[in-house]
Student: 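Can you read through this structure? Questions will come right after.
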Amino acid sequence: MAIAAAHMFELVRATSVRQVRLICGVILFSYVISHFLNHALGNISVEAMETGVYYHTVFWQFLPVAIVFYTAALTHMGLGIYALYQRRQFRWRTIEPLQLVLGLSIPALVMGHVIGVRLGYTLYDHQKLYPQELYLFFVAAPGRLWQMTILLLIAWVHGCIGIYFWLRLKPFFARAAPYLLAAAVLVPTLSLLGIYQGGRSVVIESDDRDWRAQNLSRRQVGTVAEGNTLDRITGILTVGYFGLLALALAARGVRALRERRGGMIALSYGNGKTVRVPKGLSVLEASLRHNVPHASVCGGRARCSTCRIRIIGDHDALPTPSQREAFVLTRVGTADPSIRLACQLRPTSDLSFFQLFTPHTHATDGQASTPARIGQERYLVSLFVDMRGSTQLAEKRLPFDTVFIVNRFLGAVSQAVIENGGQPNQFVGDGMLALFGLTADPQTACRQALKAAAGIATHIDELNELLSHDLRQPIRFGVGIHGGEVIIGDIGYRDHIVFTALGDAVNVAARLQDMTKTLACEAIVSEEVRRTAGLVDDALPQQEVAIRGRDEPLAVRVVADARQLTALVDGSARAAA
């Protein structure tokens, strides 16, 4: 019970207004997809559309689903109006204010359709289905067809933008993007074609008196008086909605007036740059207002921590972090009260700080001097390899000779990594970090890393034979391999930016490499990699080791001779086939 309560508390901490709006948006977008696919049945026949809408209605009007749907619709609309009030800066990328404008226009455009169909059914038991609606759009009031087409496109584009902002930092997004783009183009295209084909059929059939008597009865389309009543309700609700928008804009003006009267504060960036802004602006909004570069991958949504700043001086007078800000800071392991999220911190007095992440600026010609890869979380396998005895090697050789041998060692290691689908990533002295899984699934990445370790042993044997006349003892090495979720992206400063991986999995691989010295083996492979690669359980001896910085011991497999890994991997692959 206590564990469940703790999980619930953590969930509440992780939830912000943006997350609620996202959940509501996903529910509404699911409805839109269902409706669009139903429209697409018009490419078959109007009868197919009517059959499809039966199942569509059965699901979405099922009472629990209907409650969730209408709650999500009202909540999403209300939060959209709140976002109009809350947003202080509209200098984000063009796509963000576009999403807001499109979202706010949807209720005004859909009001008449919803009231005509749903409220008409509730008040007068109207049975308006596709034949009646298509007749209205293509025969009775063709002008409303364009309004409905615009509504469909706006709703679809708004939803697609929201889905893009939600998924763009997910590990699978790069692989899924082509399929999502294809769906984003095909679904509305087929939908509009279905409406057109269905409308053509209705136009032809509407010339038949029997069809009119069967499909345009009072029970289906209502009387003129009932239609006028529904139109009046539509007008009243539309005016009320625009009134809410006007109220949000007026509230923005009142807030701006109060902030100006409340005084200005100075924000100092720690590099000599100081700006003066009204109280109430977040630090990130202040940066945008004064065109100060400030890192923010998620666009100020508190879904990342790249806008983090460190407060210089006293931080006791700052507003306490919100639940969402506290959750994000906890997730990145920050307990220092002087570190805050710039998108969430709204100082009420002068403040000095410096940014923890260097923003990527653009060259004077407006083009990015070096396109930066933003942080992304994904599963990778890290392989650390280190040369043994390099210190003793350097003691008895000229510096240039030592550099030559170390370079040959790193060249042999890199060749083995590349041959097996990995990427040499960092060179630290006589050691190297290699990454596997940048273009492969986890199982393939684990197998590649294991075979690369065997390849390293083979290449080092060849190198030892080649340099046997110059080496008093053969070159030895240690390899540590571990897999897990890491953050990959460009790290560094100005012209010294490199692509690399950060995270616990990388650190563990480095620790395992160090342990090969004490365990007198060539490689140590984590149980995670062994299991994911599909090696049989008794293929390698198991041992539990303590990892510095971890509370729990880690199960690993000790590899005395790395050359045997190739046969083990190939054997498991044949067994799986």
Side-chain angles (χ1 to χ4, degrees), residues 24-62 65 69 72-73 76 95 98-99 102-103 105-107 109-114 116-118 127-168 172-206 211 215:
C24 294
V26 170
I27 294 171
L28 296 180
F29 195 61
S30 301
Y31 177 85
V32 170
I33 292 175
S34 173
H35 214 40
F36 271 47
L37 294 177
N38 206 141
H39 293 339
L41 293 176
N43 292 294
I44 301 174
S45 66
V46 176
E47 290 74 19
M49 298 174 81
E50 291 186 278
T51 302
V53 81
Y54 169 77
Y55 294 103
H56 170 86
T57 305
V58 165
F59 176 77
W60 289 103
Q61 291 187 5
F62 178 56
V65 176
F69 172 71
H76 198 66
I95 194 172
L98 173 64
Q99 183 195 24
L102 294 180
S105 66
I106 291 174
L109 292 171
V110 80
M111 201 85 72
H113 180 67
V114 171
V117 175
R118 186 62 194 159
Q127 302 295 320
K128 289 184 180 178
L129 296 173
Y130 274 103
Q132 293 74 37
E133 288 297 301
L134 292 175
Y135 179 82
L136 173 67
F137 295 147
F138 284 85
V139 179
R144 296 185 62 175
L145 174 63
W146 294 107
Q147 177 184 343
M148 187 55 57
T149 302
I150 293 171
L151 168 64
L152 292 176
L153 294 177
I154 286 177
W156 186 256
V157 172
H158 173 75
C160 287
I161 293 174
I163 295 296
Y164 166 74
F165 279 129
W166 175 35
L167 298 181
R168 61 177 178 164
F172 60 84
F173 181 72
R175 297 190 298 274
Y179 304 102
L180 294 175
L181 177 61
V185 174
L186 286 176
V187 170
T189 301
L190 292 174
S191 174
L192 292 176
L193 285 175
I195 292 174
Y196 174 71
Q197 295 293 353
R200 286 182 58 193
S201 299
V202 167
V203 169
I204 294 171
E205 293 175 348
S206 64
W211 186 93
N215 291 279

Student: For this output row, return yes or no: ring centroids of His39 and Tyr130 closer than 6.0 angstrom.
Tutor: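 Aromatic pair counts; centres sit under 6.0 Å.
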Student: Heavy atoms, side chains only, cut-off 4.5 Å: are Trp211 and Val202 in contact?
Tutor: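 With C-beta onward as the side chain, the pair touches.
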Student: Under a 4.5 Å cut-off applied to non-hydrogen side-chain atoms, are Phe69 and Leu28 in contact?
Tutor: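 They are in side-chain contact.
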Student: Taking the six-membered ring where the residue is Trp, are the ring centres of His56 and Tyr31 under 6.0 Å apart?
Tutor: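 When the ring centroids of His56 and Tyr31 are compared, they turn out to be within the sub-6.0 Å range.
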Student: Please collect all side-chain hydrogen bond (donor to acceptor under 3.5 Å, both in side chains) contacts where either partner lies in residues 139-152, sequence neighbours excluded, each pair once.
Tutor: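 Qualifying pairs, neighbours excluded: none.
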Student: State whether the side chain of Asn215 and the backbone N or O of Gln132 hold a donor-acceptor pair below 3.5 Å, judged by distance alone.
Tutor: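 Here the side-chain-to-backbone pair does not exist.
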Student: Do the side chains of Tyr55 and Thr51 get nearer than 4.5 Å, heavy atoms only?
Tutor: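 Yes, close enough: below the 4.5 Å cut-off.
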Student: Taking all non-hydrogen atoms of both residues, which atom of Gly198 and which atom of Met49 are closest, and how far apart?
Tutor: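 Gly198 and Met49 have their closest heavy atoms at CA-SD, 4.4 Å.
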Student: Checking Ser34 side chain against Ser30 main chain: does a donor-acceptor pair fall under 3.5 Å?
Tutor: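 Here the side-chain-to-backbone pair does not exist.
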Student: Please confirm whether the backbone N or O of Gly194 pairs with a side-chain atom of Gln197, one donor and one acceptor, at under 3.5 Å?
Tutor: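 Between the backbone of Gly194 and the side chain of Gln197 there is no qualifying donor-acceptor contact (under 3.5 Å).
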Student: Taking it one step at a time, do Ile195 and Phe36 satisfy side-chain contact (heavy atoms from CB on, under 4.5 Å)?
Tutor: CA-CA 10 Å; Ile195 292 174; Phe36 271 47; over 6 Å; no
Student: Enumerate, atom names and distances included, each donor-acceptor pair closer than 3.5 Å involving a side-chain atom of residues 177-188, sequence neighbours excluded.
Tutor:
none

Student: Apply side-chain contact (heavy atoms from CB on, under 4.5 Å) to Val53 and Leu41, showing your working.
Tutor: CA-CA 10 Å; Val53 81; Leu41 293 176; over 6 Å; no
